[in-house]
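In the text below, chain A, chain B and the rest are named by the order of the sequence lines, each starting its count at 1.
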2 protein chains.
Amino acid sequence: MIESGRDTGRQFASLVKQLRRAGLRPTRQRLALASLLFEGDNRHVCAENLFDDAQAGNIRVSLATVYNSLHQFTEAGLLREVTVAPGRSYFDTNITDHHHFYHEDDGSLVDIPDDDVISTHLPVPPEGTKIARVDIVVRIESKK
Amino acid sequence: MIESGRDTGRQFASLVKQLRRAGLRPTRQRLALASLLFEGDNRHVCAENLFDDAQAGNIRVSLATVYNSLHQFTEAGLLREVTVAPGRSYFDTNITDHHHFYHEDDGSLVDIPDDDVISTHLPVPPEGTKIARVDIVVRIESKK
DNA sequence: GTGTTTGCAAAGTGTTTGCAATTTA
DNA sequence: TAAATTGCAAACACTTTGCAAACAC
């Protein structure tokens with residue numbers, strides 16, 4: 001998928017644009033990670049997880065850079081962070097309005113299908129505040 | 001509120017019962033923590049937080065025991081755990097069905113008033129699973 | 001060249017664990 | 001007395017940081 005080094009310019013034209021638009025320099029590491037994240041189906045990754053993918057893909061990148069990139073991407077609106085349990089933070093490449101199933105048994109996170117709409121009446125936020133986002137996590141477990 | 005030591009027996013009759021019912025021995029530490037948690041208004045505490053309260057109330061208890069107790073209380077259904085951000089886990093003494101405002105600016109957690117009902121249409125859980133719980137966190141921030 | 005980004009290893013944070021000593025029943 | 005619980009300190013997982021070297025523009 002990714003060759004291995006130095007080919008920063010050519011083949012990722014669209015990723016380069018995407019990063020630029022987000023105000024991030026298209027470095028080799030960011031491009032490689034962006035490629036893992038955004039080329040293909042939507043994903044829910046955690047840092048360690050993406051780091052492993054990178055290694056497997058012969059991408060030389062440090063764990064610290066993975067963390068930094070994930071946060072930069074999130075701030076730039078390219079990713080959405082979902083926290084489901086202490087020490088279990090996912091980054092979702094699907095940034096459209098949607099919610100999640102969290103499987104308590106194996107810790108996996110899955111989008112709730114769009115057509116299975118959860119109709120929410122938004123509550124009135126406390127005086128002086130406004131709603132930034134609504135997170136709905138439907139915790140599921142195996143039927144015994 | 002709590003005197004200071006050794007008076008495990010008498011004055012916490014109802015707490016003792018509550019713990020016994022939950023299958024937990026009413027030790028001095030658990031009684032003291034239960035007293036902080038369950039006598040008075042509903043609270044959203046984190047471990048560190050409750051530990052500080054204990055110290056302030058001259059209750060001799062270790063941080064490890066606070067963690068253990070919080071989890072035991074949660075398993076026993078006396079508390080409900082709410083995770084809002086990586087490394088930010090709250091325990092809610094209100095175990096009725098309800099949801100939360102999470103204030104992004106200061107990290108505080110507040111119950112959404114009961115009468116401000118969020119009507120959810122529950123999604124169909126994936127094959128072979130059932131819904132264990134639905135967590136809704138409404139993230140709010142100060143109006144600029 | 002200048003400012004940004006990276007990698008490393010070290011430091012942090014929040015939480016859990018192992019085990020001897022203590023407490024409960 | 002037997003079994004459960006506690007405290008401590010060490011171990012832990014996950015994440016962030018400081019800084020010199022490498023890179024983008």
| task | Could you check whether the rings of A/His44 and A/His98 sit parallel, tilted or perpendicular, using 30° and 60° as the cut-offs? | result | tilted

Taken to the nearest whole Å, CG/B/Leu19 to C1'/C/dA25 is 15 Å

Query raised in the report: A/Asp92 side chain to A/Asn94 main-chain N or O, any donor-acceptor pair under 3.5 Å?
Result: yes

Output for pair (B/Ser69 OG, B/Leu78 CG), nearest 0.5 Å, gives 11.5 Å

Review point. Would you call A/Arg133 and A/Asp135 a salt bridge, using N to O less than 4.0 angstrom?
Key: yes

From CD of B/Gln72 across to P of D/dT5 the rounded distance in Å is 7 Å

Taken to the nearest whole Å, CD/B/Glu75 to P/D/dT5 is 12 Å

Between CD of B/Glu48 and P of C/dT13 the distance, given in whole Å, is 10 Å

Does a side-chain N or O of B/Gln29 approach OP1 or OP2 of D/dG7 to a distance below 4.0 Å, or not? yes

- prompt: Hey, what's the ring geometry for B/Tyr67 with B/His71, parallel, tilted or perpendicular (30° and 60° as the breaks)?
  reply: tilted

When rounded to the nearest 0.5 Å, the distance separating CZ of A/Phe91 from CG of A/Leu70 is 4.5 Å

Letter by letter from the 5' end, nucleotides 16-21 of chain D scores (B base, S sugar-phosphate only, - none; protein heavy atoms under 4.0 Å) BB----

From CZ of B/Arg88 across to P of C/dT15 the rounded distance in Å is 10 Å

Side chains of B/Glu81 and B/Ser89: any donor to acceptor distance under 3.5 Å? yes

Whole-Å distance, B/Arg28 CZ to C/dA25 P, equals 13 Å

B/Arg60 atom CZ is separated from C/dA21 atom C1', nearest whole Å, by 12 Å

| message | Is B/Thr65 close enough to D/dT6 that one of its side-chain N or O atoms is under 4.0 Å from OP1 or OP2 there? | response | no

Are any of A/Arg25's side-chain N or O atoms less than 4.0 Å away from OP1 or OP2 of D/dC25?
no

Between CG of A/Asp52 and P of D/dC14 the distance, given in whole Å, is 11 Å

If only side-chain N and O atoms count, and only distance matters, is there a donor-acceptor pair under 3.5 Å linking A/Gln72 with A/Arg30?
yes

Checklist entry - Given D/dT6, is OP1 or OP2 found less than 4.0 Å from the side-chain N or O atoms of B/Thr27? => result yes

**Study point:** A/Arg20 vs D/dC25: side-chain N/O to OP1/OP2 distance below 4.0 Å
**Key:** yes

**Prompt:** When we call it a touch if two heavy atoms are under 4.0 Å apart, what does B/Arg30 touch: a base, just sugar-phosphate, or nothing?
**Reply:** sugar-phosphate

Intra- and inter-strand pairing of DNA chain D, written as dot-bracket with Watson-Crick and G-U pairs under 3.5 Å and | for the latter, reads ||||||||||||||.||||||||||

| field | B/Lys130 NZ: over 12 foreign heavy atoms closer than 6.0 Å | value | yes

